[in-house]
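This report refers to the structure that appears directly beneath it.
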Amino acid sequence: MDAWNLEAASGRQESEAVWKRVAKTRAVAARFLGCAAEEVSLLGPTALGLGLVALALDWKTGDEVIFDPLDYPANVYPWKELQRKGVRAVSIQRSPGEPICWENLRSLTGPKTRLVSLATAHYLSGHLPELSVIGSELKKRNILLCLDGIQTLGVLPADFAEADFLAADAHKWMLGPVGAGVLMVRKWAWDRLRPPLLGSWNVVSPDFLAQPEIFFESGGRRYEPGSLNLPGIEGMRASLELLDSIGLPEISGHALALARQVREGARRAGFAVYGGEGENRVITSLVEPSSGWGSIKERMEAAKIRVSWRKEHGGKMLLRVSPHVSNTPEEIGEFLRHLKN
Ligand SMILES: Cc1ncc(COP(=O)(O)O)c(C=O)c1O
């Protein structure tokens, strides 16, 4: 990002070299997503990608969309807002912390269900929905699957081969900058998702002249209406290439082992893990004890340990820990020591 800024300040913002790096960004993101590079649009926040999908589909009055009201707001509001178009937003029924499985969804789907939107991991519990089963069941019923991928992309493998759409900003497990992100639209779904945002970049516009007819560019550009967030994309590319050079199996194995260490150590110290049992997750949130968190926040800050304090839907404060590949078992040990005294 610094290199791009320097070049932009002293010369050009756009150059052949920059466009080559944009192409490399699509390619490396596609490797993490398990899709083709042409299915990756370089946009911004997760909410932008999910909102674009919600806006773009050709909804009819009476259509239904299934969503999780306990999900992060970016994956709730775009679907609820569709009620203004006569779409029924159907809530998944589950208690806070409970994982989502096909059984939670089966009875909600019907002939009017057009789309289900889920997170690849819940942002508080870290639980992964059983996407391989859900994906194929939805496909059989011709129901689209849209995902918020921000809580796994960059750390866990893609188990969503059947998903039609996925959006994720780079600032979580991709270790990239805020405000740069990806939108995956599978090629088989291009016809069902006419771009709702239009401009000189995604509509063929020779010499930057507006044309009488609208023909969309193909590939990821199809959903990118205007100038790209080039400095953000440079940062996202660099962090994804760094992660790619380590390898996803290595990264996920390491992060899952550290998360296990967090859960086991915290349980031994008398803390409850939000969402109960469940091994296959990298996010771990600890539930506020009945006596409150006491001086733990100050102790963590003094020790320069960065945890995330998150409120859960019942009102308790959770301590969320998200160890990545750069963390070590020794650091987790240090965290656990500060947790105890
Ligand atoms: C599940 C989830 N989705 C999305 C976001 C971010 O949304 P956006 O990129 O729209 O700011 C977060 C957290 O920042 C999150 O935890």
Side-chain angles (χ1 to χ4, degrees), residues 25 29 32-33 40-56 65-81 91-92 94 96-100 115-129 131 134 145-156 158-160 163 165-185 196-197 223-224 228-229 231-233 235-236 239-240 255 259 274-275 278 280-285 306-313 317-324:
T25 315
F32 280 87
L33 287 161
V40 179
S41 300
L42 303 173
L43 284 179
T46 321
L48 179 58
L50 298 174
L52 187 148
V53 173
L55 279 178
V65 58
I66 299 176
F67 75 106
D68 174 16
L70 301 178
D71 207 342
Y72 191 79
N75 201 16
V76 173
Y77 300 140
W79 314 115
K80 283 182 84 107
E81 183 67 0
S91 302
I92 296 173
R94 67 179 179 102
E98 191 193 327
I100 295 176
L115 180 138
V116 173
S117 190
L118 298 172
T120 52
H122 191 264
Y123 72 106
L124 296 177
S125 70
H127 281 310
L128 313 177
L131 283 180
I134 292 172
L145 175 60
C146 178
L147 298 173
D148 172 342
I150 197 171
Q151 289 295 2
T152 57
L153 204 59
V155 68
L156 291 181
D159 65 342
F160 41 75
F165 318 114
L166 180 146
D169 198 72
H171 70 272
K172 299 267 169 197
W173 299 91
M174 287 190 253
L175 303 178
V178 278
V182 291
L183 170 67
M184 174 188 81
V185 180
L197 308 173
Y223 298 100
E224 297 164 355
L228 297 181
N229 168 10
I233 289 169
M236 178 164 65
S239 59
L240 282 175
Y274 182 73
N280 208 14
R281 47 184 168 157
V282 281
I283 289 177
T284 299
S285 293
R306 182 71 62 87
V307 297
S308 181
W309 296 93
R310 296 272 159 167
K311 200 165 232 175
E312 53 93 34
H313 296 83
M317 217 51 200
L318 301 178
L319 186 170
R320 188 178 73 179
V321 194
S322 307
H324 209 326

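By convention here, the first residue in the shown sequence is residue 1. Scope of the values below: all heavy atoms of this structure, side chains included, with no hydrogens, waters or symmetry mates. Counting starts at 1 for both ligands and their atoms, following the listed order.
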Exercise. Does the N or O separation between Thr46 and ligand 1 drop below 3.5 Å for any pair?
Worked result: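 Yes, there is a polar N/O contact under 3.5 Å.
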Exercise. For Ala47, is at least one N or O under 3.5 Å away from an N or O on ligand 1?
Worked result: yes
Seminar exercise, completed: Residues at least two apart in sequence or cross-chain that pass side chain to side chain contact (heavy atoms under 4.5 Å, CB included) with Ser322, listed by chain then number, are Trp173, Ile283, Arg320
Over all atoms of both residues, closest heavy-atom pair of [X] and [Y]:
{"X": "Leu42", "Y": "Leu228", "answer": "O-CD2, 3.8 Å"}
{"X": "Ala54", "Y": "Trp79", "answer": "CB-CZ3, 3.5 Å"}
{"X": "Val282", "Y": "Ala255", "answer": "CG1-CB, 3.7 Å"}
{"X": "Pro177", "Y": "Ala170", "answer": "O-CB, 3.7 Å"}

For this session: Sort and list the pairs that fulfil salt bridge (charged side-chain N to carboxylate O under 4.0 Å, His left out) and have at least one residue in residues 66-79, not counting sequence neighbours.
Result: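 Counting only pairs at least two positions apart or across chains, the salt bridge (charged side-chain N to carboxylate O under 4.0 Å, His left out) contacts touching residues 66-79 are Asp68-Arg94.
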Starting from [atom], what is the nearest protein heavy atom, named by residue and atom, and what distance separates them?
{"atom": "atom 3 (N) of ligand 1", "value": "Asp148 OD2, 2.5 Å"}
{"atom": "atom 5 (C) of ligand 1", "value": "Tyr72 CE2, 3.3 Å"}
{"atom": "atom 16 (O) of ligand 1", "value": "Gln151 NE2, 2.9 Å"}
{"atom": "atom 2 (C) of ligand 1", "value": "Ile150 CG2, 3.2 Å"}

For this session: Using modelled atom types only, decide if a donor and an acceptor are shared between the side chain of His313 and the backbone of Pro96 within a distance under 3.5 Å.
Result: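 Not a single qualifying donor-acceptor pair exists.
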For this session: Would you confirm whether Glu224, through its side chain, and Ser41, through its main-chain N or O, come within 3.5 Å as a donor-acceptor pair?
Result: no
Exercise. With backbone taken as N, CA, C and O and side chain as the heavy atoms from C-beta onward, which portion of Ala119 lies under 4.0 Å from ligand 1: side chain, backbone, both, or neither?
Worked result: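 Under 4.0 Å from ligand 1, Ala119 contributes no heavy atoms.
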Problem set entry | Asp169, portion touching ligand 1 at heavy-atom distance under 4.0 Å |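 Within the 4.0 Å criterion, Asp169 contacts ligand 1 through side-chain atoms alone.
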Exercise. Any idea which atoms of ligand 1 are less than 4.0 Å away from a heavy-atom of Pro45?
Worked result: 8 (P), 9 (O), 10 (O)
Problem set entry | Enumerated ligand 1 atoms positioned under 4.0 Å from heavy atoms of Lys172 |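 Per the distance check, 13 (C), 14 (O).
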Exercise. At the 4.0 Å heavy-atom cut-off, does His171 count as touching ligand 1?
Worked result: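 In this structure, His171 qualifies as a contact of ligand 1 - some heavy atom is under 4.0 Å.
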